[in-house]
J.: 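Starting off with a structure, shown below.
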Amino acid sequence: MPLKARQRSRLAVLAVLALVGSLLAVSAVPAVAAGDEKVTSPADYSACVAAATEDAGFTDMAGNFAADEANCLAHYGITVGTSAGVFSPNDSISRAQMALFMVRAATVAGVELDDPEDQGLGDIGNWTDAIQDGINQAVAAGIMSGHDNAFNPSGAVSRQDMAVILDNLLNVAEIDSLNDDGNVLDGEGDEVTVDTPFDDLAMVPFEAYDAINNLYELGVASGTGDGSTFTPSALVSRAQMAVFVTRALDHTNARPAGISMQSMPDSLTTVGEEHDFQVSVRDGDHQPVADAIVEVFSSTMPDEAWNDDGTCFENQNIREGAGGCVIGNDDPATEPDGNATASVTLPADPGNLTVWAWTGESGDEFNIDEDDSVSAVIDVMLGRESTLISDDTKTHASNLKFGDKVTYTVQIADKNDDPVASDGEEVTIRSVIADTTDGDSPGDGAKRDDTRTSVDTKTTDANGRFTVSYTSDDPSDDDGDMITLTLTITGQSDFKLMANDPGEDSEDDLATSVTIVISWSDADPEPTSLHLSQAMSYHLANDDGVRNTVRATLVDQYGDPVRNEKVAFWSDVDNPGTGGSLGLGGGETDDDDDNGPEAGTGTNAADHRTTSRSGVATKSYTRGATAAGNESLDAVYTVTVAGECLDSRSDCTESDDTIKVEADAITHYWATGPVSAGETFTTQTVLVVDTDNNTIIIGDAGTPRLVTYKAGDQFRDGTDPITLDVFEDRLSADDPDTSDNEADSITVVMGDDDDDINSFTITTNN
């Protein structure tokens, strides 16, 4: 049976992360100065995973930027520290020590070194046999070199020395990212154009210059300070050495003892797709094990995936695997390099998927308590289903002022409007800029004929987005000028406009082509829109009195706040306990005379508040009652230009001399509850979802009930078990465009005790 790892390991994430340091000479990420310099050929995998991440016991590395890398080198036997439990991260490195590090690293990287033979170096005779052997092997392999029959074993290693040595090591290891001439190759096998940010390499030797550039392009070497310098003559500390060496090993076939698993490059993480892994098996000397059968299986509910005896719970909790957690002849086997390719099918719902990999002989059944394995967690995401188009105009603006610039961002997204990294998507933008000034003044006709049309193709970047910007100057000294921009955006799939997109009435409609209209104007500002909001859309009813606050924001056509204006607030119900004087009393129903809901019967049916500098009028009121219910809250702003208006809905009518701006009503729920132990509610409507507080409001609008849930509860979609994340996603999917994934209703069964497991079963429109 192939050798297995001695201890089970876990991978925190599936993406292969570069091992980084962040102190002085080694910065966390290759910094970029002015220009387009970037790492072109980073390693696809890491040497420091699974067993190589275990603590080596170095007491002086706690909190050090290279703690993980020091542990990794200790796992491979490249270093044992300067004494028991001590790594000495700040010490410099002698050339003799470096020779030992490189010989050990070369062996781990798969380089077959010749037996030690005297290389004619006259200054190493007083050193130990082990050091002399290491120096002779490093020189014979071409990893290090002497000069004039001397090696200078006591000499300190500088950053440029380190670059030359590691570049030699990677050439000797014959990594795929270097050709026979030692030049860096990209993923297509073509030589890359070296473009580093370092501006202090003019005086370094030619060999060091090439090595530094190569290691930068490979993601092994990074800059100092702000990243624009390499500081080639600075000495390398042991901590910095650990970072350099582990980054170099990432480019080799070095893998830890036992079994390890890493995501393959560009593995998909979208629902329903295949996610590919490289599974590696090594013996106790870190050498590849060929023909080792490996199995990969997964579960969305890892805590519920095992029977009491540690065997797999073979139902919907376990996915993949021949026969369910049993090594089969159809499972993949490692190649001579000790690596195998395996894959899992991602679930149909977003969330976390835990994946396990193990190795054994045909017919072996996995036991989590007995068998060595590695596990990893995949963040399963929704795929591309829409494209968001947003802009940087002020909220609720319907016009721009001349000279203002508007920038549109096109972002590939999933059906929940979360960004999707989709590189290279082509989108066509047709822009028409025209003078649409009203009136008959001289020159208007000529201005209206001044229309500019352009068609351009844009391509999304690695984040799945691109931006375009437009602006316009005032075409004349006349008042009332207006320039209109019409954008028609067409892509490879559906588009969706975000709510703050000006000039678009149906921002929730999907279409393969979207038209956006916005205008620049020099018109005087005037109030054009009023918007209501509340901090919470529900409260638990209480006869001691519960306070709710409503905010109305009044803005002009440019999205700027309108200050020092009166806004009238209404509620469509009487609020018990307000005493009338607190305002927001009851209101009658709308009589459809286009004047809005009528005034309530109380003397304070409408309550007025003045807008602040930010255009916000705030109304707070208290409801004192235990009865469940809901109320519709709205507001109106009215200005009389001529005639009389008492700022009351029954008295303010639509006329040519009255400006009236009415807000869209919002609903507030007064719920009873929370639902008690032992209660059951069947087929309830979900009214409010508050995932921040693990709370939902269920029932009909007149009798809302407050229900809380916890991580340990049981969640189902119909008869299918789902995770808490999927449950919340279902509940929160209130967008019409995601109705196929939206909770229609919910059944709640509370346990007999408050600490019991509660059951939540939702029904969706799938």
Side-chain angles (χ1 to χ4, degrees), residues 4-5 7-15 49-50 259-264 267-279 293-328 330-332 340-360 364-383 709-730 741 757 759-762:
K4 302 176 184 178
Q7 183 175 353
R8 186 178 301 116
S9 302
R10 294 183 60 87
L11 301 178
V13 292
L14 266 295
V49 294
I259 187 169
S260 60
M261 175 175 60
Q262 301 183 64
S263 289
M264 298 185 71
S267 292
L268 297 175
T269 57
T270 52
V271 294
E273 301 288 352
E274 292 286 323
H275 188 95
D276 299 322
F277 298 94
Q278 183 191 80
V279 183
I293 306 176
V294 299
E295 186 195 33
V296 171
F297 59 92
S298 60
S299 174
T300 57
M301 293 179 284
D303 294 334
E304 303 173 24
W306 317 106
N307 296 313
D308 291 340
D309 62 358
T311 57
C312 292
F313 186 40
E314 295 181 17
N315 63 2
Q316 296 180 12
N317 296 341
I318 290 292
R319 310 168 69 252
E320 311 294 341
C325 302
V326 177
I327 295 287
D330 55 350
D331 284 321
T341 299
S343 64
V344 296
T345 302
L346 303 182
D349 296 313
N352 289 332
L353 179 71
T354 301
V355 183
W356 291 268
W358 70 299
T359 180
D364 287 352
E365 182 177 358
F366 182 73
N367 188 302
I368 189 67
D369 296 327
E370 299 175 0
D371 293 304
D372 297 313
S373 66
V374 287
S375 64
V377 179
I378 302 175
D379 182 12
V380 182
M381 300 177 294
L382 293 170
Y709 56 90
K710 58 184 181 296
D713 287 337
Q714 182 182 70
F715 307 101
R716 292 184 178 275
D717 185 353
T719 60
D720 298 332
I722 57 177
T723 64
L724 173 60
D725 289 340
V726 174
F727 173 73
E728 292 184 332
D729 179 65
R730 291 280 200 270
N741 211 32
I757 296 176
S759 174
F760 298 86
T761 302
I762 60 177

J.: What's the separation between atom CD in Q278 and atom OG in S263, rounded to the nearest 0.5 Å?
T.: 10.5 Å
J.: Is any side-chain heavy atom of N352 less than 4.5 Å from a side-chain heavy atom of D379?
T.: yes
J.: Do you know which two heavy atoms are closest between L353 and V344, and how far apart they sit?
T.: CD2-CG2, 4.3 Å
J.: Whether the side chain of S260 engages the backbone of V49 through a donor-acceptor N/O pair (distance < 3.5 Å, no angle test) should be reported.
T.: no
J.: Between F297 and W356, how do the two ring planes meet: parallel, tilted or perpendicular, split at 30° and 60°?
T.: parallel
J.: Please name the residue in the list D276, L346, I378 that meets the side chain to side chain contact (heavy atoms under 4.5 Å, CB included) test with S267.
T.: D276
J.: If I compare all heavy atoms of I327 with all of V294, which pair ends up nearest, and what's the gap?
T.: CD1-C, 4.4 Å
J.: Do F277 and T341 come close enough that some side-chain heavy atom pair is under 4.5 Å?
T.: no
J.: Can you tell which of E273, H275, E274 makes a side chain to side chain donor-acceptor pair (under 3.5 Å) with S343?
T.: E274
J.: Please name the pair of heavy atoms, one in Q714 and one in I757, separated by the smallest distance, quoted to 0.1 Å.
T.: N-CG2, 3.6 Å
J.: Can you measure from CG (D364) to SG (C325) and round to the nearest 0.5 angstrom?
T.: 12.5 Å
J.: Nearest 0.5 Å please: distance from the CG atom of D729 over to the CG atom of D717.
T.: 10.5 Å
J.: With rounding to the nearest 0.5 angstrom, report the CZ to CG distance, F760 to L724.
T.: 10.0 Å
J.: Measuring only between side-chain heavy atoms, which start at C-beta, is I722 closer than 4.5 Å to I762?
T.: yes
J.: Going by the rule salt bridge (Lys or Arg N to Asp or Glu O under 4.0 Å), which residues pair with D725 if we only count those two or more places apart in sequence or in a different chain?
T.: none
J.: Between F366 and T311, is there a side-chain heavy-atom distance shorter than 4.5 Å?
T.: no
J.: Can you name the nearest heavy-atom pair linking L382 to P350, along with the distance?
T.: CD2-CD, 4.0 Å
J.: Taking K710's backbone N and O only, do any of them form a donor-acceptor pair with D713's side chain (distance below 3.5 Å, no angle check)?
T.: yes
J.: Check whether any side-chain N or O of N307 sits under 3.5 Å from a backbone N or O of D309 as a donor-acceptor pair, and report yes or no.
T.: no
J.: List the steps and the verdict of side-chain contact (heavy atoms from CB on, under 4.5 Å) for W358 and E295.
T.: CA-CA 6 Å; W358 70 299; E295 186 195 33; 2.7 Å; yes
J.: Using the rule given for side-chain contact (heavy atoms from CB on, under 4.5 Å), can you reason through V296 versus S298, listing the C-alpha separation, both sets of side-chain angles and the distance that settles it, and then say yes or no?
T.: CA-CA 7 Å; V296 171; S298 60; over 6 Å; no
J.: Go through it in stages, so that I can follow the logic: the residues are T270 and V380, the test is side-chain contact (heavy atoms from CB on, under 4.5 Å), and I'd like the CA-CA distance, side-chain angles, deciding distance and then a yes or no.
T.: CA-CA 6 Å; T270 52; V380 182; over 6 Å; no
J.: Contact between R716 and D720 at the side-chain level, heavy atoms closer than 4.5 Å - yes or no?
T.: no
J.: Of the non-hydrogen atoms in M261 and V355, which two are nearest, and what is the gap between them?
T.: CE-O, 3.7 Å
J.: Restricting to non-hydrogen atoms, name the atom on T354 and the atom on P302 that form the minimum distance, rounded to 0.1 Å.
T.: OG1-CG, 3.5 Å
J.: Nearest 0.5 angstrom please: E728 CD to Y709 OH, how far?
T.: 3.5 Å
J.: Once side chain to side chain donor-acceptor pair (under 3.5 Å) is applied, do any residues pair with D308, and if so which ones, sequence neighbours excluded?
T.: none
